[in-house]
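The structure presented is a predicted model; accordingly, all values stated were derived computationally and were not measured.
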Amino acid sequence: MRVPLDIHAVSANGSGAFALATPVRVGDLVSLAVREAIGARAPHDKFIRSVRSTLSGLAGGRFFVDIDGRCYSDADDVVMCGATARVRFFVPSRRTPVHHSQSAV
């Protein structure tokens with residue numbers, strides 16, 4: 001996914017480092033990932049519900065987020081991103097075994 005460049009940080013600090021890497025909250029990256037997943041034409045209320053549900057799942061430990069090879073479980077963590085970020089969602093290993101019923105033929 002493309003990461004927005006923080007032009008204000010570049011101009012206010014006079015630091016070109018912010019042009020190469022931008023500090024972004026994990027929650028903001030999750031929001032961008034949700035938008036990309038459901039599409040730009042999805043209704044705004046669906047987007048808001050999806051972001052709330054996803055952030056709730058992250059806070060509840062139902063999954064964690066891998067951003068460019070580093071794992072995060074807190075939406076308030078900050079990650080440094082270049083022009084793009086690889087965001088992947090992982091479910092932790094199951095706590096209880098899944099039992100599949102076998103039907104008699």
Contact summary for R62 and S53, nearest pair of heavy atoms: NH2-O, 3.7 Å
Given 3.5 Å as the limit, does a donor-acceptor pair link the side chain of T54 with the main chain of S50, or not? yes
When hydrophobic residues are tied together by side-chain contacts of less than 4.5 Å, even through go-betweens, does V30 share a cluster with V78? no
Hey, are the side chains of L32 and D28 touching, using non-hydrogen atoms and a 4.5 Å cut-off? no
Which atoms form the tightest heavy-atom contact between P92 and G61, and what is the distance? CG-O, 3.7 Å
For A42 and R35, the nearest pair of non-hydrogen atoms, with its separation, is O-NH1, 3.6 Å
Which heavy atom of L55 sits nearest a heavy atom of G27, and at what distance? CD2-CA, 4.0 Å
CG-CG distance between L29 and D77, expressed to the nearest 0.5 angstrom: 11.5 Å
Kindly state each residue pair satisfying salt bridge (charged side-chain N to carboxylate O under 4.0 Å, His left out) with at least one member in residues 38-48, sequence neighbours excluded. D45-R49
Residues 63-75, side-chain donor-acceptor partners within the protein, below 3.5 Å, at least two apart:
residue, atom, partner, partner atom, Å
D66, OD1, G69, N, 3.0
D68, OD1, R86, N, 2.7
D74, OD1, D76, N, 3.0

